[in-house]
Amino acid sequence: MNALELKYLALHKVGNKSKEDTCYFAENLLSIDENLQEVLTEYFALASKSEEMFQLYDEENLDENVVFACASNIFEAPETLLEESKLLAKHLYEKSEHPNIKQGEFFVAYFEGELDEEPVQAIGLFKSENKEIFLRSDYQDNALQLQCQEGISTRKLDKGCLIFNRQREDGYALSVVDHANRSEAVFWIDDFLNARQRRDSYSNTHDVLSMCKDFAIKELPKQFEVSRADQADFLNRSMEFFKENDRFKMQDFAQQVIGQPEVIDAFDQYTCQYQDQRGIALDDDFAISEGAVKKQ
């Protein structure tokens, strides 16, 4: 985010539809001075910390995805951000039906700059729900006075999304953060953004490691006589393979980590089953993501 500059910013207040909360829609873009530029850029950058990337999608027509349509219009004509941000705020309100969703400030930002030494446009969608109490001291009447104020903490982003103007035909490239309880607020990724994980080195690494864990815990004891120590050994060897190699190749993994032909066959069958159950397609050959290995 250090290479991106905040150009336009709209701020709305969006509530809970099921509670019939009032929404407040801005009529003007926010004025951004130098101090606000620095603080907000650092605050919004919290959405770009993860290597896990997403993409917008729609089961029938990508243009029917509201966030995709609004983002495309903003990328095409950044000066339309205010009007497009109102559509996004109304869309967010329509999706905010879970009783635990809180009213909060909804920021829509437009950035320009460089990423990986290439020119880039980015759109930021951020919602702040949780307030913190701040103490402020003022010098009045020859004495220091202390006041309590409630406001947004810039140290933690409740919900955020950065949409990069790349791979438009695939639904753009998104970096997403959501610190809410997923059972209560799937609406941010699933309902509001309608986004899914991109198939890249991070997702492949994460998914294969998760599959190995499931295979060791659930499948190995079903088909073979194994002890807990055997299961732990399989998991340790799997993790070592990912730590020691820059690239994953299914055949190399099978030979070096599994070894036994009958267990390799069982692993191959479980791989097909795992993909079918989750609706994903794992690559047999991909670059290993160090970030995904560390997270596991």
Side-chain angles (χ1 to χ4, degrees), residues 1-12 14 26 29-30 32 37 40-59 61-96 104-116 118-128 157-180 185-200 202-203:
M1 281 292 292
N2 291 335
L4 294 181
E5 181 181 356
L6 180 59
K7 293 290 187 179
Y8 300 113
L9 179 64
L11 174 61
H12 310 284
V14 178
L29 295 174
L30 287 177
I32 309 169
Q37 169 83 231
L40 288 176
T41 301
E42 185 174 342
Y43 175 51
F44 295 151
L46 297 174
S48 65
K49 298 300 182 183
S50 174
E51 290 184 42
E52 184 179 14
M53 298 298 289
F54 291 78
Q55 63 192 70
L56 301 170
Y57 82 105
D58 186 88
E59 291 183 359
N61 183 356
L62 188 54
D63 289 326
E64 296 298 320
N65 182 305
V66 175
V67 176
F68 176 84
C70 291
S72 297
N73 291 337
I74 295 172
F75 284 137
E76 184 73 21
E79 64 275 10
T80 64
L81 181 132
L82 180 61
E83 292 308 313
E84 296 296 333
S85 72
K86 291 180 183 179
L87 296 177
L88 288 165
K90 291 173 183 176
H91 174 59
L92 177 61
Y93 179 71
E94 290 297 319
K95 298 300 181 181
S96 300
E105 287 77 13
F106 178 55
F107 299 87
V108 179
Y110 172 75
F111 304 89
E112 288 182 354
E114 288 189 356
L115 194 66
D116 300 330
E118 293 183 6
V120 70
Q121 298 170 287
I123 295 167
L125 308 177
F126 313 98
K127 188 184 179 196
S128 174
L157 192 61
D158 293 326
K159 293 177 175 61
C161 168
L162 280 172
I163 306 171
F164 297 99
N165 193 7
R166 294 178 171 179
Q167 295 92 46
R168 180 185 184 279
E169 66 281 1
D170 295 324
Y172 296 116
L174 281 66
S175 180
V176 179
V177 61
D178 184 358
H179 289 297
V186 295
F187 82 100
W188 181 252
I189 295 177
D190 296 346
D191 298 334
F192 170 61
L193 294 173
N194 199 4
R196 61 184 177 186
Q197 191 181 48
R198 291 179 67 86
R199 299 314 306 171
D200 55 19
Y202 185 97
S203 59

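Sequential numbering from 1 along the given sequence is applied to the chain's residues.
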Centroid separation Phe44 to Phe107 less than 6.0 Å: yes
Arg198 versus Ser203, closest heavy-atom pair with distance: O-OG, 2.7 Å
Distance in Å, Leu11 CG paired with Leu82 CG, rounded so as to fall on 0.5 Å steps: 11.0 Å
Test side-chain contact (heavy atoms from CB on, under 4.5 Å) applied to Leu125 and Leu193, step by step: CA-CA 10 Å; Leu125 308 177; Leu193 294 173; 4.0 Å; yes
Partners passing ring pair (Phe, Tyr, Trp, His ring centres under 6.0 Å) against Phe75 (at least two apart in sequence or in another chain): Tyr172
Heavy-atom donor-acceptor pair, Gln167 side chain to Ala173 backbone, under 3.5 Å: no
Any donor-acceptor N or O pair under 3.5 Å, side chains Gln37, Thr41: yes
Trace of the side-chain contact (heavy atoms from CB on, under 4.5 Å) decision for Trp188 with Lys127: CA-CA 10 Å; Trp188 181 252; Lys127 188 184 179 196; 4.2 Å; yes
Between NE2 on residue His12 and NZ on residue Lys90, distance to nearest 0.5 Å: 9.5 Å
Inter-residue atom distance Ser85.OG - Tyr8.OH, 0.5 Å rounding: 13.0 Å
Heavy-atom donor-acceptor pair, Ser128 side chain to Glu105 backbone, under 3.5 Å: no
Backbone N/O of Tyr57 and side chain of Asn194: donor-acceptor pair under 3.5 Å: yes
Counterpart residues, salt bridge (Lys or Arg N to Asp or Glu O under 4.0 Å), relative to Glu83 (two or more places apart): Lys86
Nearest-0.5 Å distance, CZ of residue Arg199 to CG of residue Asp170: 13.5 Å
From Glu84 atom CD to Asn73 atom CG, the distance as rounded to the nearest 0.5 Å: 4.0 Å
